[in-house]
There are 2 protein chains.
Amino acid sequence: MRADAAERWQQITRVATDLFRRKGFSSTSMQDISDAVGLLKGSLYYYIDSKEDLLFEILRDLHKDGERIIAQVNFDSGDPLTELRTYLKQCAVFGALHADRLAIFLRDFHYVPPERQGEIISERKMYQRTVATLVKEAKELGLTPPHLDISLAATLISGAVAGVHEWLHPDGPRPLDQAAGDIAEVLTNSIRIPSEAVVKSVAKKGRPRAKVSSKARRPA
Amino acid sequence: MRADAAERWQQITRVATDLFRRKGFSSTSMQDISDAVGLLKGSLYYYIDSKEDLLFEILRDLHKDGERIIAQVNFDSGDPLTELRTYLKQCAVFGALHADRLAIFLRDFHYVPPERQGEIISERKMYQRTVATLVKEAKELGLTPPHLDISLAATLISGAVAGVHEWLHPDGPRPLDQAAGDIAEVLTNSIRIPSEAVVKSVAKKGRPRAKVSSKARRPA
DNA sequence: GCATTGAAAACAAACGATTGATGCATCAGA
DNA sequence: TCTGATGCATCAATCGTTTGTTTTCAATGC
């Protein structure tokens with residue numbers, strides 16, 4: 001094996017990831033990929049078995065990276081809300097760092113041959129279950145509003161953090177760690193008990209109308 | 001024009017919507033559509049100009065329906081958090097009722113010819129701007145934590161409610177209106193000031209470990 | 001009440017282009 | 001020289017779309 005064989009493989013997966021993300025899996029042809037790599041499309045089949053196989057390899061790598069990062073979270077602190085916050089922060093960071101592959105996963109996963117889906121699909125369900133468990137623990141400890149629908153809240157939070165990759169970029173104006181922390185904080189806050197004092201006081205005193213008019217808020 | 005011409009058109013859009021949702025736009029062939037309708041694929045071109053045109057028509061209809069529902073919200077109550085809650089509830093209901101077309105919009109919108117995208121794209125930006133304005137108003141009134149990043153929070157909330165269509169179904173176990181209300185409540189809560197009393201008291205007293213073990217929470 | 005007409009609606013056949021994939025030839029480097 | 005790596009030519013299938021023809025059926029004339 002030549003020295004640059006591994007590089008070729010990385011180049012192919014990198015190029016394919018970029019194209020799949022931008023154009024979608026089924027709209028990306030092997031011709032597109034081979035053009036970007038600098039090979040003839042037939043030559044790609046020296047490295048892969050099929051187009052779907054290439055997709056599988058890309059998503060399986062994402063799966064592995066995901067497992068590695070989540071494993072760093074400590075779930076034994078004793079405070080479910082803090083654990084949830086830490087966990088969500090990690091998820092947000094992960095989403096920002098692997099936005100391309102995550103977008104492909106969420107949109108084009110169903111193109112992976114069914115018999116190979118099992119190796120990947122477990123990850124997402126694990127995400128949701130982790131959140132669900134932490135939310136449940138928080139409620140049992142009285143840390144959430146008493147009528148909170150924990151299943152609904154968990155699904156909502158899971159979905160929210162799954163969508164973060166669409167707009168949180170590692171090279172954004174704020175440090176990634178900081179922004180991810182804020183995201184986790186806001187999401188965790190969604191199941192906290194709100195301060196009644198503030199809510200009531202403001203509602204009573206009849207605040208003046210905000211500057212932004214109703215018209216401006218509904219443009220055309 | 002014959003009486004059933006309008007029915008044919010509805011049948012075509014309905015079938016296409018279902019297929020686009022399940023298989024994706026570019027993986028759905030005109031043959032698939034014509035088979036499901038019961039015509040030869042060439043005959044479809046009596047009703048449409050192109051495949052992309054069909055997608056455009058479907059999404060433009062969604063756009064119109066969206067405008068109609070959002071217009072019902074009263075933005076002059078004087079309480080931005082209540083307005084946000086109402087607005088988000090409407091969005092959740094809308095998402096559940098039009099999950100198919102919404103999924104197509106979020107995934108396959110980029111297949112709409114660029115010159116025709118403008119007629120549709122305004123809608124989503126309006127959603128986000130509405131949320132952003134309400135969040136900003138709430139902060140200015142001191143209804144949110146003082147350090148809240150309003151842009152981040154608004155984006156997060158918008159993304160969360162946009163993903164609701166994936167799991168909230170009109171015929172679910174709970175009445176749609178009720179579930180949507182809960183969703184809006186949780187999301188609105190995410191920018192409310194949390195009750196410090198509860199948080200501190202629990203943190204202090206050193207609660208016992210929750211029943212669910214750390215292992216169970218991270219299944220393989 | 002029946003035949004005629006004309007447009008709407010669907011069929012039938014084919015178009016060129018592109019798709020994912022294969023087999024074999026070839027080339028370069030160890 | 002031998003093998004990993006790529007070029008080259010080509011496959012059958014399918015793609016979206018077009019064209020010309022045929023069928024269907026309501027309105028019309030008598």
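Keep in mind the model is a prediction, meaning the values are calculated, not measured. A note on names: the letters A, B, ... follow the listed sequences, proteins ahead of strands, and every chain is numbered from 1.
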Could you please spell out the steps behind the side chain to side chain donor-acceptor pair (under 3.5 Å) verdict for B:Q11 and B:R14? CA-CA 5 Å; B:Q11 185 189 16; B:R14 195 164 6 102; over 6 Å; no
When the distance from CG of B:L44 to P of D:dC15 is rounded to whole Å, what number comes out? 13 Å
Hey, does the side chain of A:N189 reach the backbone of B:R192 with a donor-acceptor pair shorter than 3.5 angstrom? yes
For a side chain to side chain contact (heavy atoms under 4.5 Å, CB included) check, start with the C-alpha distance between A:F109 and A:R124, then their side-chain angles and the critical distance, and finish with the verdict. CA-CA 11 Å; A:F109 174 70; A:R124 194 176 186 188; over 6 Å; no
Please figure out whether A:D49 or B:S43 has its closest DNA chain C nucleotide nearer the 5' end. B:S43
Phosphate-side-chain proximity, B:R8 and C:dA10, N/O vs OP1/OP2 below 4.0 Å: yes
Report which part of the nucleic acid B:L40 touches: base, sugar-phosphate, or nothing (heavy-atom distance under 4.0 Å, all strands). base
Among B:L62, B:L55, B:I121, B:V112, the one residue meeting side chain to side chain contact (heavy atoms under 4.5 Å, CB included) with B:F105: B:L62
Nearest-Å distance, CG (B:D53) to C1' (D:dT17)? 13 Å
Report which part of the nucleic acid B:S34 touches: base, sugar-phosphate, or nothing (heavy-atom distance under 4.0 Å, all strands). nothing
Here the distance between atom C1' of D:dT14 and atom CE of B:M30, to the nearest Å, is 14 Å
Specify the separation, in whole Å, of atom CG of A:L54 and atom P of C:dG20. 11 Å
According to a strict under-4.0 Å criterion, is A:Y46 in side-chain N/O contact with OP1 or OP2 of D:dT6? no
Can you check the A:F56 CZ to C:dG20 C1' distance for me, whole Å? 20 Å
Rounded to the Å, how far apart are A:K23 NZ and C:dT18 C1'? 12 Å
Which of D:dA5, C:dT19, D:dT17 is nearest the side chain of A:K41? It is C:dT19
Nucleotide nearest A:Y45 (side chain, heavy atoms from C-beta), chosen from C:dA21, C:dA10, D:dG16: C:dA21
For atom CD1 of B:I12 and atom P of C:dA9, their distance in whole Å: 11 Å
State whether a side-chain donor-acceptor pair under 3.5 Å links A:Q128 with A:S158. no
Rounding to a whole Å, what distance do you find between B:L39:CG and C:dA12:P? 12 Å
Within the pair B:S29 and D:dT14, is there a side-chain N or O less than 4.0 Å away from OP1 or OP2? no
Are B:Y47 and C:dA8 close enough that a side-chain N or O sits under 4.0 Å from OP1 or OP2? no
Heavy atoms only, 4.0 Å cut-off, all strands: where does A:T28 land among base, sugar-phosphate and nothing? sugar-phosphate
